[in-house]
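Only one structure is covered here, and it is reproduced in the block below.
Counting from 1, the numbers follow the sequence of the chain as shown. These numbers come from the heavy atoms of this one structure, side chains and all, not from hydrogens, waters or symmetry mates. Note that the structure is predicted; figures quoted are calculated from it, not measured.
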Amino acid sequence: MLCPADAALRDVFIPSYTEKLLAADWIGGSFIAGETGGYMRQVSVSETDAGQRFDKYLHKILTQAPKGFLYKMLRKKNITLNGKKAAGSERLCSGDQIQMFLSEETLDKFSAPLPAETARQNLEQEPDIIYENDQVLLLNKPSGVLSQKSCPEDYSLSEWVRDYLCRGGKAAGFSPGVCNRLDRNTSGIVAAGKSVRAQQELSSMFQKRQLGKYYLCPVQGILKQQEHLQGYLQKSDSQNKVFIWEDGEAGDVGRDQRDYVETAYRPLGDNGSLTLLEVQLITGKTHQIRAHLAQMGHPVAGDRKYGIPGHMGDAPWQRGLRHQMLHAWKLEFPECTGLLEELSGRSYYAELPGHLRSFLQREHLEECMP
């Protein structure tokens, strides 16, 4: 039955509970028309997609559909959950059945192309998989790769994760993404959830600082003692940088825009000009390690944004460095239960990228590696 009064719904079938609903099947991504000439798409919610709000899940299936359209279809029972009227706020469970009584034209119009049908972009260097199970993906991000896109045309690690999971049939209706972000030119461990609940739990662990996050970096100058640094980080949008203030510095100007930060480091060895550090990122703010070390007068080797003015490029060890030599090399998990139980109490390591390993060899710092 058509609804001619509403132009936006001209190609939408309105189910009537006093009439026989159309008999249609959806097989392998194609629709088979029922005897009434209409279409019905039924989607079974997988364990991967469980836990999402129904309306958000619908928007991931019908990506081009306005929210108002989806809520109207819910009110009119054109879209139902387990055969019943739904509001959209319901939390989905594994095995839930979603029925969409929409015409083929409407489904084509509002649906994104299937991943297999889209031209997939490739990163210049694909990430190595450090660990993977049914719930979690740990990756070694190459330098030069964005963790998340900064403009619509970018292809970041988040898009790579999405495509990787889609190729394995693991992300229907679920928009996976990375749970921790590294700067474009920082390499190392990035975590992603393979289900809604796993992603939520991982993100929560990062936010609550329950994970041990350790980095390796050579810095300018000589450091002999381990330190635990504290301060306040403030962003400068005009300079695209952050600044670290000690408590009480610079009066009260902009104080409400500062975030408390903690960084700890342990010197592993030096060559007389550079020191190799293991840095623990206790809080996790933009450019925190780079800015905190630079504020001490020991910027990360190759860091032209936070390096000491007038010294970058002068020292012999700066030859050939195009960006900061910073690598997220270890991720420690606390005791975990439930979905993340397999990770409980374990540590995962990301191999050094070739350019950093070569630099450490050249500067006779590789023997300082832990």
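To the nearest 0.5 angstrom, Gln99 atom CD is 11.5 Å from Lys84 atom NZ. Separating the CG atom in Asp259 from the CG atom in Leu233 is a distance of 6.5 Å, to the nearest 0.5 Å. Taking CG from Leu268 and CD from Gln226, the interatomic distance works out to 10.5 Å, rounded to the nearest 0.5 Å.
Aromatic rings of Phe110 and Phe69 (six-membered ring for Trp) have centroids within the 6.0 Å cut-off, being under it. The six-membered or imidazole ring of His287 lies near that of Tyr306, with a centre-to-centre distance under 6.0 Å. Under the 6.0 Å cut-off for aromatic ring centres, His292 and His298 do not qualify, their centroids lying 6.0 Å or more apart.
Hydrophobic clustering of Ile, Leu, Val, Met, Phe, Trp and Tyr side chains at less than 4.5 Å, counting indirect connections, keeps Tyr349 apart from Tyr131. Both Leu281 and Val300 belong to a common hydrophobic cluster when Ile, Leu, Val, Met, Phe, Trp and Tyr are linked at side-chain heavy-atom distances under 4.5 angstrom. Both Trp329 and Met325 are part of a single hydrophobic cluster, where members link through side-chain heavy atoms under 4.5 Å apart. In this structure, Leu202 is a member of the same hydrophobic cluster as Ile189, with clusters built from ILVMFWY side-chain heavy atoms closer than 4.5 Å.
Using a cut-off of 4.0 Å between Lys/Arg side-chain N and Asp/Glu carboxylate O, Glu132 and Lys194 are scored as salt-bridged. A salt bridge is defined here as a Lys NZ or Arg NE, NH1 or NH2 lying under 4.0 Å from an Asp or Glu carboxylate O, and Lys67 with Asp55 fails to meet this definition. With respect to the salt-bridge test (charged N to carboxylate O, under 4.0 angstrom), the residues Arg53 and Glu90 do not qualify. Ion pairing between a basic and an acidic side chain is recognised when a charged N comes within 4.0 Å of a carboxylate O; Arg290 and Asp183 show such pairing.
Side chain of Asp96 to main chain of Cys93: a donor-acceptor pair is present (N/O by atom type, distance under 3.5 Å, no hydrogens or angles). A donor-acceptor pair is defined here as one N or O able to donate and one able to accept, closer than 3.5 Å; such a pair exists between the side chain of Ser203 and the backbone of Gln199. Looking only at distances, no side-chain donor or acceptor of Lys149 sits under 3.5 Å from a matching main-chain atom of Ser158. Within the 3.5 Å criterion, the main-chain N or O of His364 finds no donor-acceptor partner in the side chain of Asn271.
In plain terms, the two heavy atoms of Leu74 and Ala86 that are nearest each other are CB-O, 3.5 Å. Listed here is the closest heavy atom pair of Pro176 and Val161: CB-CG1, 4.1 Å.
Neither side chain, Glu341 nor Ser344, offers a donor N or O lying under 3.5 Å from an acceptor on the other. For Tyr260 and Gln230, the side-chain atoms include at least one donor-acceptor pair closer than 3.5 Å. With hydrogens and angles left out, the side-chain atoms of Asp163 and Tyr155 include a donor and acceptor closer than 3.5 Å. No side-chain donor-acceptor contact under 3.5 Å links Gln225 and Tyr265. In this structure, a donor-acceptor pair under 3.5 Å is absent between the side chains of Asn185 and Gln324. Gln288 and Thr283 are linked by a side-chain donor-acceptor pair at a separation below 3.5 angstrom, with hydrogens and angles left out of the test.
Note: Tyr348 and Phe333 have perpendicular aromatic rings, judged against thresholds of 30 and 60 degrees for the angle between ring planes. Ring orientation note: the planes of Trp245 and Phe243 are tilted relative to one another, at an angle of 30° to 60°.
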| Would Ser195 and Gln135 satisfy side-chain hydrogen bond (donor to acceptor under 3.5 Å, both in side chains), going step by step from the backbone distance to the final call? | CA-CA 6 Å; Ser195 69; Gln135 300 294 334; 2.6 Å; yes

| message | Run the side chain to side chain contact (heavy atoms under 4.5 Å, CB included) test on Leu276 and Glu366 for me, step by step, so that the C-alpha distance in whole Å, both residues' side-chain angles and the decisive distance to 0.1 Å come before the verdict. | response | CA-CA 9 Å; Leu276 180 63; Glu366 188 180 32; over 6 Å; no

| message | Between Gln97 and Asn82, does the side-chain hydrogen bond (donor to acceptor under 3.5 Å, both in side chains) criterion hold? Intermediate values first, please. | response | CA-CA 5 Å; Gln97 301 297 314; Asn82 297 322; 5.9 Å; no

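Heavy atoms from other residues, nucleotides or ligands lying under 6.0 Å from NZ of Lys235 number 12 at most.
For the pair Lys330 and Tyr214, the cation-pi criterion (under 6.0 Å, within 45° of the ring axis) is fulfilled.
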